[in-house]
Amino acid sequence: MNIIELKGINKFFGSAGSRVHVLKDVDFSVRRGDFVAIIGQSGSGKSTLMNIIGCLDTPTSGSYRINGVEVGNMDKDSLAELRCKTFGFIFQRYNLLANLRARDNAALPAVYSGLDSESQAKRASELLESLDLGDKLNNRPNELSGGQQQRVSIARALMNGGEIILADEPTGASDSKSGENVMGIIKSLHRRGHTVVLVTHDSRIASQAGRIIEIKDGRIVSDSRRSSEFYELEDRVENAKRGRFDALKYGLLESLSMSVHAILSNKMRSLLTMLGIIIGIASVVSVVALGNASQAKIMRQISSMGTNTIDIMPGRGFGDMRSGKVKTLKVGDSDYLGRQSFIDNSTPNVTASGTLVYENRSLNADLSGVGAQFFDVKGKKIAKGRIFSKDEVANLESVVVIDDNTRREVFEKEPNPVGKIILFNRKPLKIIGVTQKESNPGPMSDSMNLWIPYTTAMYKINGSSDINSITVKVSDSVNSQVAEESIENILTVLHGKKDFFMINSDSIKQTITSTTGTMRLLIACIAVISLIVGWIGVMNIMLVSVTERTREIGIRMAIGAKQADILQQFLIEAVLICVLGGAMGVALSMLVGFGFNTFSTRFGMDFSTASIALALACSSAIGIIFGYMPAKNASNLNPIDALASE
Ligand SMILES: Nc1ncnc2c1ncn2[C@@H]1O[C@H](COP(=O)(O)OP(=O)(O)OP(=O)(O)O)[C@@H](O)[C@H]1O
Ligand SMILES: [Mg+2]
């Protein structure tokens, strides 16, 4: 009963010009339960042969059967499965993973065969205990002696059963005593039914095997049998059987824990990688939150301007130096406009500056003369008292409505100044109302405002019939653009020329909205660029990490990892870094937002769950995209090349 059958195996290395013929027509078979030593000088092709037997490498020509099945016809996954479940490798240089503890190193093949973690740990501990390593379960390879490391690697070879044990110079790196120890273990494995193929250059070691095959320059030169002892395999490992969904779930969990392990064992590098994403995500989320808050604030301020109002000013436009001196607008214009069907109401505005005196207090102030409708048009709410009536406007009454700033400046602690008399330019004015404090302070939020009937301002304070501007409220059903044109036509006809300009609250609103929108888009673009830089950083680090860990990948493949396992592991690692970075970025931006919201009145941040969710989703999606290339590179590595890398 042959477990291994090789026929006409040839192996060439290199291409056309520098082709070397390393194995030449190698023919031999190994019986189940045999103990075979392959002996030969350095460079004779022993390791090459061993790698072919172990399905780490493929022959250039020839046939290789395991248990009667042709290996040449198998795909990569089936080969991985063979390496995982049938073979147990013992390498000259142990090939343990440096950042795993002894027990996890021994258990690694079971990860790829799908054993549950409890059984893994149990079996790994038992194997290590049987190899006298019971007290070293939690040591990492660099905390173990060479002989101990070799025993860990033997435990690993037996983890999934190790029906065929392949040992390439297993005693090569140890002194003679631990070399004997290792040989003792290998012989006992043979007696317990494992088929053993051992490679050595040492005839004393080869002589302990049942059969010795000598190889010279890639050709078998002798094949002798010393003893015929074949044993039945005692330790048959039942392979875990799982449903497809379970297997997937379990595989993902294993990859996740391996990725966490890899990230934690390289804390500094992982953190630096994440930094780009942390900053990127934090800035994107913050910019969006800042933009949301400021937009909302601007919108509230705009709505306090009053809706659908048009201010008409004398002069040619903003910045017209003469505007203050031009007195072309008349009360009659306002009255005429007020009678138009498309205008709800119209009020002239008159300003007056002077000194305001109350008791022994005196300060400079500006006064606005307005119509009774003004408060309605501008959306001003009264906190105490009342606003003036149309009659009071018509009768030039000396009444004044003040705002909260004025109340504070002039009356300080007196909460209700309604009924008090103040003097403005020595003219007495009776306070009849106080407006509500501005809930959304704008840029001019600490200026004082006093409103009196415009008639009073014109005739009692200024002593002239000039007005400074007209505010009209356009009917809700009328388009403010159309209204603006109509007003322009009417006034141009009345005045004989266009000696005024208009400010339309609606168009200001539109302009502000679109400018803040553009600004936000611009800043968001910059933030996204920084995010992309962060992601490229991830890709870069993952590529470096693949190169740096090529050997680890080789070891994992040699003990049974499929391409998909490697792909999955590196991909999950990339995604994990991105998601962790993203989460930290969101947390950072929340922290900044908290600071802003508590310590600054000027700025606020308004986080929306949608933007945070989007940031995290993008982060993981990009983790997959940018992690895929390096992960694919890793999984495409040839096991034997990966293993040979330093
Ligand atoms: N990847 C490769 N590319 C080119 N030549 C190779 C490659 N691997 C091995 N060889 C060559 O094949 C020959 C056999 O190498 P192999 O490693 O099988 O020898 P060995 O018998 O195991 O030697 P040692 O006892 O020193 O380990 C050597 O001449 C080596 O230079
Ligand atoms: Mg070798």
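Residue indices begin at 1 and follow the sequence shown. Each ligand, and each atom within it, is numbered from 1 in the order the structure gives.
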[X] and [Y]: side-chain donor and acceptor closer than 3.5 Å?
X	Y	result
Tyr112	Arg83	no
Ser117	Gln120	no
His21	Asn10	yes
Asn105	Arg140	no

Could you tell me whether Lys46 and Asp168 have a side-chain N and a carboxylate O separated by less than 4.0 Å?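 No, no charged N to carboxylate O under 4.0 Å.
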
Using a strict cut-off of less than 4.0 Å between a Lys/Arg side-chain nitrogen and an Asp/Glu carboxylate oxygen, indicate whether Glu129 and Arg103 qualify as a salt bridge.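 Looking at Arg103 together with Glu129, the answer is no, because their closest N to O distance does not fall below 4.0 Å.
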
For the Mg ion (ligand 2), which protein N/O/S atoms are closer than 2.8 Å?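 Those protein N, O or S atoms (cut-off: under 2.8 Å from the Mg ion (ligand 2)) are Ser47 OG.
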
Can you tell me which residues line ligand 1 if we count any heavy atom under 4.0 angstrom from one of its atoms, in chain and number order?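 Within 4.0 Å of ligand 1, the protein residues are Phe13, Val22, Gln41, Ser42, Gly43, Ser44, Gly45, Lys46, Ser47, Thr48, Glu169.
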
Whether Arg31 engages the ring of Phe230 as a cation-pi pair (distance to the six-membered ring centre under 6.0 angstrom, angle to the ring normal within 45°) should be assessed.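 Yes, Arg31 lies over the aromatic ring of Phe230.
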
List the residues meeting side chain to side chain contact (heavy atoms under 4.5 Å, CB included) with Thr171, not counting sequence neighbours, and say none if there are none.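 Thr171 satisfies side chain to side chain contact (heavy atoms under 4.5 Å, CB included) with Val182, Met183, Ile205 only.
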
Could I get the full list of side chain to side chain donor-acceptor pair (under 3.5 Å) partners for Asp565, not counting sequence neighbours?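 Once residues adjacent in sequence are excluded, Asp565 has no partner under the side chain to side chain donor-acceptor pair (under 3.5 Å) criterion.
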
